[in-house]
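Written out below as structure tokens is the structure these notes cover.
Residue numbers begin at 1 in each chain, while the letters A, B, ... track the order of the sequences.
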2 protein chains.
Amino acid sequence: MNVTVRGKNRPYRTVTFDAPRNHIRLIEQRLLPHTFKIVAPRTFRETATAIHNMTVRGAGAIGATAAYGLAQGARAFRGSNRRKFSSHVETVYTVLKAARPTAVDPVNAMNEIRRVMAQGKSVAEQQAIALAAAEEFANADVQHCARIGWHGAKLIRNGMKILTHCNAGWLAFVDVGSATAPMYAAQAAGKKFHVFCDETRPRSQGATLTAWELAQQGVAHEIIADNAAGHLMQRGEIDLVIVGSDRTLGRTGEVANKIGTYAKAVLAKRHEIPFYVAIPLSTIDWNLRRGRDIPIEERHENEVLGAWGVTPSPKSKVHGLKSGKRVYVRVANPTSGARNPGFDVTPAELITGIITPVGIFQPTELWPRRRELGFTG
Amino acid sequence: MNVTVRGKNRPYRTVTFDAPRNHIRLIEQRLLPHTFKIVAPRTFRETATAIHNMTVRGAGAIGATAAYGLAQGARAFRGSNRRKFSSHVETVYTVLKAARPTAVDPVNAMNEIRRVMAQGKSVAEQQAIALAAAEEFANADVQHCARIGWHGAKLIRNGMKILTHCNAGWLAFVDVGSATAPMYAAQAAGKKFHVFCDETRPRSQGATLTAWELAQQGVAHEIIADNAAGHLMQRGEIDLVIVGSDRTLGRTGEVANKIGTYAKAVLAKRHEIPFYVAIPLSTIDWNLRRGRDIPIEERHENEVLGAWGVTPSPKSKVHGLKSGKRVYVRVANPTSGARNPGFDVTPAELITGIITPVGIFQPTELWPRRRELGFTG
């Protein structure tokens, strides 16, 4: 999507590849929204670090980064010995896979790259195929998101107020995003609407990443505390909810997503507000049989006990502190601990529809229509 | 309640009066939980400032502060001219009332003090009565909270996990608190239980004040993001919810409380978890006929867009920043705005019971049993 940096407005993707230098180029997401910076991991090990430390995050984005990382590692090999090359690629694969051990997208992406690489007859040919396959993977991610946008945009009517949670935007993919895709498509079609971004504590991806994205694209929006959505629904100020998903169960239609999604779905149901989940097909888990069995990551308590931010500018009317320094502040009582589940599971009965690249489905339709949705088991 | 300050454990009230010096003594709540400090407004004007700037906050606490403030102002009068004294007291009343113009507790408290003062036959006698009446008002607040505790404690069984929202603790009253009163009473009775404190964005009163209170009293607790309660309920980890209220409609049983309360009530209903509201009788509004008519304060967007905290200690393993400095950090995208409703309204159908100093009532019982509950209209 387009980003204005130092007065210049130009298109960026979350993840791209600089073939002459064999560098990956990533938007440094840990500095957003306060600083826009491109970082360029120069080796596959640096790429693995960028995935591990969440310089790049979001299912589609880390899938593409791993795909490019595999190509990057393969292309760094010098020589023509195919056995040594294979062993080297195996190392690259293992290092990149270990960067986010619970994520499934990097593994799926790299398996696909390796599958097509095997068709190459020499090291040089395999290296070229690896890069072409990684580019294809990244472009496919963008296409899938764009198709989510085409299907989802028809849900958005002029004047609507839309709630979203966390960041399922273009920063979480190579471009366009999942939950944001219908918004960008509706905007391109000239529709006017307003987005409420849940701030999404404890990591505040809504207040930081989604709000930044929407501001860059000129989409009207306001941030709200996660506590405020119920009140706004009660007062008739929300017409539609669209969120993303980290894992959607193909057999039951249950959706695992960022903590707090479930509460919004329960509130939406009570107020008869349509609640949609936007996903690429890679997010569907066709194996698991019960939402209860989705492992819920318990994250570090410091996320709940404090916040990351920058001290305000000297011009700010709020507080005359030295500006721009990024700090972690402890908000909570110093002698208290916290629980920090990272995700929750929303049952199918609360979900109006699932927006996919191939159309909008009721959650219970996923399994009967699994062939259309890419199930190959 | 007891507080440990510099190794010494001793009882404190949120608001007390130093009669020889004619000072009010307040816990400086804006510095909690990071610094425990007593401030002593020396004049009624300083007392009004302390109410206005939220050094002291919470319905019962500002009611008692205003009562003491009226006595403080009255006692500062020199002379025996009753007409001049009356005019002076009128000024004191007006200044204290203006400190939090929408709050009803200070007005009710001061009207009561003035009513009994009128029985005094000289300036000196009226001054003495003012102080005695203010002390009585403060003690009555403590008694009401203690009775909430007696009635509410029977809801708490060994091993229970209890959710609370915001701070309806002893810092919001003269002592004991409303939502926390049953917890302290159950603890005194030897029961073991665990409290989850919603952090309560955007002002984080749960993470700061409630967590500090519970830690000081040795009540087992953990802070959670406001987003996490739904997940914990889904997994069977919450047995009981107790919250406070800023205004409860006697005619309908609707409860206005800190933003986010409504969502917790909706979730509790879905999971068949008892949801109780603990209130002193002064919180009941016998006039208003519809919850929709309760004015909902829209607060400054900076509360949502950032957070107040301290930079961590140098020993902290998290980040090696200079410690202890209290700062506001901007978390959100700098070019985005926010909506910030401060309260929401929970309908009677979601409330299992209302814990009062005179017993536990179903919300729809308030009106038919209004005489027991102090309605004098």
(request) Start with the C-alpha gap between B:His165 and A:Asn227, add the side-chain angles, then the distance that decides, and say whether side chain to side chain contact (heavy atoms under 4.5 Å, CB included) holds. (result) CA-CA 10 Å; B:His165 190 70; A:Asn227 280 324; 3.6 Å; yes
(message) Counting only non-hydrogen atoms closer than 4.5 Å, does A:Glu237 touch chain B with its backbone (N, CA, C, O), its side chain (CB onward), both, or neither?
(response) side chain
(message) Less than 4.5 Å to any heavy atom of chain A: does that hold for the side chain of B:Leu209, its backbone, both, or neither?
(response) neither
(request) Measure the shortest side-chain to side-chain distance between A:Pro33 and B:Arg330 over non-hydrogen atoms and say whether it is less than 4.5 angstrom. (result) no
(request) Step by step, work out the side chain to side chain contact (heavy atoms under 4.5 Å, CB included) result for A:Tyr262 and B:Met233. (result) CA-CA 11 Å; A:Tyr262 170 59; B:Met233 288 184 184; 5.9 Å; no
(message) Under 4.5 Å from any heavy atom of chain A, what part of B:Thr208 do you find: side chain, backbone, both or neither?
(response) both
(request) Please determine, among A:Asp198, A:Thr261, A:Val304, A:Asn340, the option with the most heavy-atom pairs under 4.5 Å with chain B. (result) A:Val304
(request) Go through B:Thr335, B:Val345, B:Ile223 and name the one with the most non-hydrogen pairs under 4.5 angstrom from chain A. (result) B:Ile223
(message) Nearest 0.5 Å, please: how far is CZ in A:Arg292 from CD in B:Gln234?
(response) 8.5 Å
(request) Please say whether more than 12 non-hydrogen atoms of neighbouring residues, nucleotides or ligands are located less than 6.0 Å from NE2 in B:His34. (result) yes
(request) Could you tell me which portion of B:Leu232 (side chain, backbone, both or neither) has an atom closer than 4.5 angstrom to a non-hydrogen atom of chain A? (result) side chain
(request) Heavy atoms only, distances under 4.5 angstrom: which of B:Ala225, B:Ser204, B:Gly337 has the most pairs with chain A? Name it, please. (result) B:Gly337
(request) Counting only heavy atoms closer than 4.5 Å, note whether A:Ile296 contacts chain B via side chain, backbone, both or neither. (result) side chain
(message) Between A:Glu222 (side chain only) and B:Ser336 (backbone N and O only), is there a donor and an acceptor less than 3.5 Å apart?
(response) no
(message) Can you tell me which portion of B:Leu305 sits under 4.5 Å from chain A's heavy atoms? Options are side chain, backbone, both or neither.
(response) side chain
(request) Could you tell me which portion of A:Phe196 (side chain, backbone, both or neither) has an atom closer than 4.5 angstrom to a non-hydrogen atom of chain B? (result) side chain
(request) Heavy atoms only, distances under 4.5 angstrom: which of A:Gly306, A:Pro334, A:Ala229 has the most pairs with chain B? Name it, please. (result) A:Pro334
(message) Quick test of your reading of the model: are B:Arg339 and A:Glu199 salt-bridged, counting only N-O distances below 4.0 Å?
(response) no
